[in-house]
2 protein chains.
Amino acid sequence: MDTLELRELRYFVTVAEELHFSRAAQRLGIAQPPLSRAIQQLERRLGVSLFDRDRRGVTLTGAGEVLLHEARVLLDGAAAAARRTRRAASGSGPRRLTLATKAGANHELLRKLLAVYAAEPDAAEVEVLPCAMGEQARMLRDGRADVAFMQRPFDALTGLDTQDVLTEGQVAILPATHPLAARETLTMADVRGLPDLPLARWPRQDGTYDPGPGPEIKDLSQLAQLIALGQTVAVLCASSRTWLWNAHAAVPLTDSPEVTTVLAWPAHSRSRAVAGLVRAAAGL
Amino acid sequence: MDTLELRELRYFVTVAEELHFSRAAQRLGIAQPPLSRAIQQLERRLGVSLFDRDRRGVTLTGAGEVLLHEARVLLDGAAAAARRTRRAASGSGPRRLTLATKAGANHELLRKLLAVYAAEPDAAEVEVLPCAMGEQARMLRDGRADVAFMQRPFDALTGLDTQDVLTEGQVAILPATHPLAARETLTMADVRGLPDLPLARWPRQDGTYDPGPGPEIKDLSQLAQLIALGQTVAVLCASSRTWLWNAHAAVPLTDSPEVTTVLAWPAHSRSRAVAGLVRAAAGL
DNA sequence: CGCTCTCATACCCGGCGGGTATCACAGCGG
DNA sequence: CCGCTGTGATACCCGCCGGGTATGAGAGCG
């Protein structure tokens with residue numbers, strides 16, 4: 001019948017990644033024949049062929065590609081479900097929330113939100129978990145966090161629900177000694193392609209960087225250091241001013257897109273505590 | 001270990017719904033003892049107790065509530081994954097798309113979108129599937145449709161990604177013979193609480209209706225009929241004008257919230273065809 | 001033509017998911 | 001106070017299925 005099992009999906013994903021039954025079996029810690037059989041069984045159940053095994057190797061069919069993606073989502077979801085359940089049990093209970101946030105971003109706003117929320121009658125205890133650059137989305141998706149501070153349009157918000165909290169412009173952060181630091185405003189064209197000061201590069205979702213001359217940034221303290229040393233410029237949202245050093249200068253950009261800080265949570269969350277926090281955020 | 005299995009989750013959900021092991025076992029078509037054992041095993045695996053079994057009945061623990069919700073999402077996801085995989089295989093392939101749309105809404109816009117998309121080099125064939133009121137979301141979630149026309153803020157878009165297509169005001173649709181039909185504009189206050197003409201009521205997500213004097217609407221043809229008969233008024237987005245009868249009159253509302261028609265698709269979709277359609281929609 | 005590398009097939013075994021019988025316990029009516 | 005009823009838990013057995021090993025069947029290749 002219809003009754004997919006996660007074990008089969010785990011097997012399938014491994015084979016689809018390796019495109020090689022023996023290697024996949026090895027990675028799974030089982031022998032090759034049972035793996036072949038499991039995949040055949042899955043194909044029979046779905047009534048669909050997932051791999052083309054012709055001479056010279058195994059390839060995914062169209063349906064296989066679809067299932068590969070679906071299966072990954074499901075497996076991640078299962079791991080998240082387990083984690084959320086464990087967290088709900090282990091002391092934390094529904095009376096405790098974990099909020100993930102960018103390491104260096106907007107403690108003012110967060111403080112205000114937490115203060116407003118704490119005033120609610122049945123407010124949960126909120127644990128704030130600063131995390132690396134694009135890490136919040138993963139935290140939410142895999143169940144380690146209940147809610148997160150993120151930024152549109154930078155962060156990938158797919159599959160998350162959001163509540164806008166604050167919209168603001170961006171500023172260029174440059175060394176205080178740089179000639180442009182004295183200007184009242186700048187344009188993107190001004191900061192892009194300064195021969196002496198390449199624009200810093202952020203990691204994309206997958207952790208890679210697009211090519212360019214600027215340094216590859218891993219976290220804010222590193223960026224701050226590099227700017228102070230006069231080695232790079234960065235473009236950040238205006239509230240980044242809160243953590244600037246003396247050696248930094250922030251100049252508003254007139255033509256950069258606006259950045260909206262949002263509170264984000266997994267689309268299917270039904271936690272009362274999250275709902276309360278969102279209500280508080282909506283009222284800011 | 002960590003290795004949840006869907007069979008266990010199915011069992012768990014059934015017990016959680018029945019709050020009674022014997023009845024749950026009956027519904028599952030197995031005997032009670034294996035079911036008890038399966039649940040115990042699940043609890044052991046998670047290291048969490050999911051039910052309180054004291055004298056007089058079984059109740060969910062906090063962690064149990066969390067897992068119940070997570071498990072339902074996962075099981076729905078698994079069913080959707082199977083459906084999507086089968087659809088991807090059965091002829092349709094990635095070269096075919098199913099678009100769900102409200103029965104009577106905005107064929108103009110849809111025609112334009114389909115025309116623009118069809119002009120793309122590798123456009124897929126699009127099958128349009130008109131469906132009942134709030135049905136599109138379910139269609140997307142359970143894998144029967146790839147993409148849908150929906151409306152904000154009416155439809156529940158949780159867990160879906162969207163591309164705005166058109167924003168417009170709302171109009172009151174009333175019998176052509178009604179005194180207010182001659183007015184240039186109306187306000188919400190005008191149409192709410194007309195003694196002779198109660199406002200039509202739409203189903204909510206769960207299929208229930210909020211209380212009120214007006215008739216409970218199931219589909220547009222029914223609504224059109226009732227308005228023509230002079231039995232009700234409705235508030236709809238401006239593009240509803242396309243399907244009006246002679247016996248209807250549409251009068252713009254000045255103070256009703258704007259309605260945005262959006263193209264929506266499951267948050268994790270990676271289909272090239274969907275992406276193409278979204279691109280076409282973005283360019284409208 | 002064999003050698004090798006693939007995945008599929010054939011076959012066997014042990015564990016686990018399923019069943020039946022029974023227990024332990026709580027409420028309850030006599 | 002005592003069975004009776006109905007709950008979930010325990011004990012035990014069985015058959016199937018997931019796992020293993022050995023081998024087959026093609027395809028490339030020296």
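Computation of the quantities below employed the complete heavy-atom set of this structure, encompassing side-chain atoms and omitting hydrogens, waters and symmetry-equivalent molecules.
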Does B:Ala281 offer a backbone N or O that forms a donor-acceptor pair with the side chain of B:Tyr117 under 3.5 Å? no
Quick check: does any side chain N or O of A:Asp146 sit under 3.5 Å from a backbone N or O of A:Thr98, one acting as donor and the other as acceptor? yes
If you check every side-chain atom of B:Arg37, which of C:dG17, D:dG19, C:dA21 has the closest atom? C:dG17
How long is the line joining CD of B:Glu43 and P of D:dG8, in whole Å? 13 Å
In whole Å, I'd like the distance from the CG atom of B:Leu28 to the C1' atom of C:dG18. 13 Å
Under 3.5 Å donor-acceptor pair, B:Gln40 side-chain atoms to D:dA9 base atoms: no
Counting only side-chain N and O atoms of A:Gln32, is one of them less than 4.0 Å from OP1 or OP2 of D:dG20? no
d(CD1, A:Ile39; P, C:dA8) in whole Å: 9 Å
List for me each residue that meets side-chain hydrogen bond (donor to acceptor under 3.5 Å, both in side chains) alongside B:Gln41, sequence neighbours excluded, and say none if there are none. none
Let me know the distance between CZ of B:Arg44 and P of D:dA9, rounded to the nearest Å. 12 Å
B:Arg86 side-chain N/O to A:Leu46 backbone N/O, donor-acceptor pair under 3.5 Å: yes
In terms of heavy-atom contacts, A:Glu8 and A:Thr3 come closest through OE1-O, 4.3 Å
Which residues in residues 5-26 of chain A have at least one heavy atom lying under 4.0 Å from any atom of DNA chain C? A:His20, A:Phe21, A:Ser22
Strictly below 4.0 Å: does A:Ser36 bring a side-chain N or O up to OP1 or OP2 of C:dC7? no
To the nearest Å, how far apart are A:Phe51 CZ and C:dT6 P? 16 Å
Name the residue closer to the 5' end of DNA chain D, choosing between A:Ile30 and B:Pro34 according to the nucleotide with the nearest heavy atom. B:Pro34
Using a cut-off of less than 4.0 Å, is there contact between a side-chain N or O of A:Gln41 and OP1 or OP2 of D:dC17? no
From CZ of B:Arg53 across to P of C:dA24 the rounded distance in Å is 19 Å
Atom CG of A:Leu50 to atom P of C:dA8: distance rounded to whole Å? 12 Å
Determine whether the side chains of A:Ser36 and A:Gln32 contain a donor N or O and an acceptor N or O closer than 3.5 Å. yes
Can you sort out the partners of B:Arg84 under side chain to side chain contact (heavy atoms under 4.5 Å, CB included), two or more places apart, ordered by chain and number? A:Val66, A:Glu70, B:Ala80, B:Pro266
